[in-house]
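These values consider heavy atoms only, across backbone and side chains, with no hydrogens, waters or symmetry-generated copies. All ligand and atom numbering here is 1-based and tracks the order in the structure.
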Amino acid sequence: MSERRRPVDRPRRAALDVLTAVRVEDAYANLVLPQVLRKHGLEGRDAALATELASGAIRMQGLYDPVIDASLTKPKLQAGVRDVLRLGAHQLLSMRVPDHAAISTSVDLVRGSVGQGPAGLVNAVLRKISRRTLADWVAEVTPDRSVDLHGHLAVAHSHPRWVVDALGEALGDDDDLEALLAADNAPPRVTLAARPGLSDVAELEAAGGARTGRSPYAVELAGGDPAGIPAVAEGRAGVQDEGSQVVAIAMTEAPLTGRDERWLDLCAGPGGKAALLAALAAQRGAHLVANERQPHRATLVASALRAVPAGTAHVLAGDGTRPPWVPGTFDRVLVDAPCSGLGALRRRAESRWRRTPEDVQVLVGLQQVLLDVAIDSVRPGGIVVYATCSPVLAETTEVVAAVLGRRGDTEEVDRFQLWPHRDGTDAMFAATLRRRPLA
Ligand SMILES: C[S@@+](CC[C@H](N)C(=O)[O-])C[C@H]1O[C@@H](n2cnc3c(N)ncnc32)[C@H](O)[C@@H]1O
């Protein structure tokens, strides 16, 4: 068959569709991927290849773009052509695809998507990229690490510079900043939570899971579709990072004197923590109110709670900054605040490129209001856990310090920060606070 007529292979065409949707429609790669895989009829190895191509090219574009730019003879590049080159660069520099296959399929791909015009350019640029190793390219396109460590790591590990600065500040020093950034580029395995009283780790082990260690309810899957596991399909277990499980457990286990019957999850959507909390509430004779502002996400919470015994939990769709309940109603409150998500970058390929420092400023205002409401909602002596899936100090310790500093009725009793490179979890932060009992 002639070069010109060779059909474009479907995994690469699918990967390009994902890159296009993320760029043009602001789509989320993990949400658009299943639709695109279905459209192209991809399963098994082909689906895995398309997923790796799309996620890897998006995640690593902060490194691949300077490599592509250094390989161009003219500076201008159509966005659709750059997408094809990012996919080609990922195959050449980070996958075990033979050079000739990566280059010829990329040429086919640009012919099929943009046209014959840029085919020669794609061929020439990818040939140039293929002549050097990843390490050589990193040395070529990054600032000298001894002069500008964060600038070097930002390009070498494909993170925006401001994110590297914020993560470095949260870690406290630069010793394992590189390990954190590398961990952000390694997609995590799927972790499940066996909701107590509804399932157990033995059932999930029998379905192919392996115990992990931090949460007594967690198992990790080596692969496969979790939706095919009966306990997951029935809502007796759920897909949930172990860090999130640890946060929910912290809320339920913080020592409390007196009544312990009324629990609140102030920001509950899509409901992973609420489901674990509700399962534990059922065992302890407590009741959970799961509140979520966005109605469609409140629906997801209700679905996550479908296996919980009737009467244990109640879903509310409402703005947590203007709650309908009277102050002091609850004994324990979780405020899992809307945040930048910079602790979960390994899960969402494009999120690091979407977030801005201005987003963080806006979120911090909302986080402070929600924490204030959470404290108002708990009775004197009650427990509030403030959590984020971001380790950025402005969203974590600084929110807690600002709110506690102006209130005077609440003390911090515990705090933890998990890290992907140390704990194998998302970078979840949690502070356990106690509203002081009345004198
Ligand atoms: C980090 S997520 C919570 C994740 C959830 N706890 C779980 O484990 O599945 C934050 C949630 O807060 C919701 N949210 C944002 N602003 C809110 C508000 N003013 N009141 C209540 N929920 C809000 C968002 O829609 C989002 O679903």
- prompt: When only distance counts, is Pro338 in polar contact with ligand 1, meaning an N/O pair under 3.5 Å?
  reply: no
query: Between Gln91 and Arg12, is any side-chain donor less than 3.5 angstrom from a side-chain acceptor?
result: yes
message: Does this structure show an ion pair linking Arg434 with Asp414, if we count only N-O contacts that are shorter than 4.0 Å?
response: no
task: Could you tell me whether some N/O pair between Gly271 and ligand 1 is separated by less than 3.5 angstrom?
output: yes
- request: Identify whether the distance between the nearest side-chain nitrogen and carboxylate oxygen of Glu242 and Arg189 falls below 4.0 Å.
  value: no
- request: Please say whether Ala274 places an N or O atom under 3.5 Å from an N or O atom belonging to ligand 1.
  value: no
- prompt: Taking N or O atoms only and a 3.5 Å limit, does Asp265 qualify as a polar contact for ligand 1?
  reply: no
- request: Establish, from distance only, whether the side-chain atoms of Ser340 and Glu395 form a donor-acceptor pair under 3.5 Å.
  value: yes
task: Would you mind telling me if ligand 1 is within reach of the side chain of Ala268, the backbone, both or neither, using heavy atoms under 4.0 Å?
output: backbone
statement: Candidates Gln245, Lys273, Gln240, Arg293; heavy atom nearest atom 23 (C) of ligand 1 found on Arg293
- prompt: Does any N or O atom in Leu366 lie less than 3.5 angstrom from one in ligand 1, N or O only?
  reply: no
- prompt: By number and element, which atoms of ligand 1 are closer than 4.0 Å to a non-hydrogen atom of Asn291?
  reply: 21 (C)
- line: The protein heavy atom nearest to atom 20 (N) of ligand 1 is Gly320 N, 2.8 Å
task: Could you tell me the residue and atom name of the protein heavy atom closest to atom 4 (C) of ligand 1, and the distance to it rounded to 0.1 Å?
output: Gly269 O, 3.0 Å
- prompt: To the nearest 0.5 Å, how far apart are OG1 in Thr356 and CD in Gln361?
  reply: 8.5 Å
- prompt: So, is Asp336 polar-close to ligand 1, with some N/O to N/O distance under 3.5 Å?
  reply: yes
query: Which part of Leu266 is near ligand 1, with near meaning a heavy atom under 4.0 Å away: side chain, backbone, both or neither?
result: backbone
message: If the threshold is 4.0 Å, N to carboxylate O, is there a salt bridge linking Asp336 and Lys273?
response: yes
- prompt: Without hydrogens or angle criteria, can the side chains of His157 and Asp184 be said to hold a donor-acceptor pair below 3.5 Å?
  reply: no
- prompt: Between CG of Asp148 and CZ of Arg161, what distance do you get to the nearest 0.5 Å?
  reply: 4.5 Å
- request: Of the side chain and backbone of Ala337, name the one, both, or neither that has a heavy atom under 4.0 Å from an atom of ligand 1.
  value: backbone
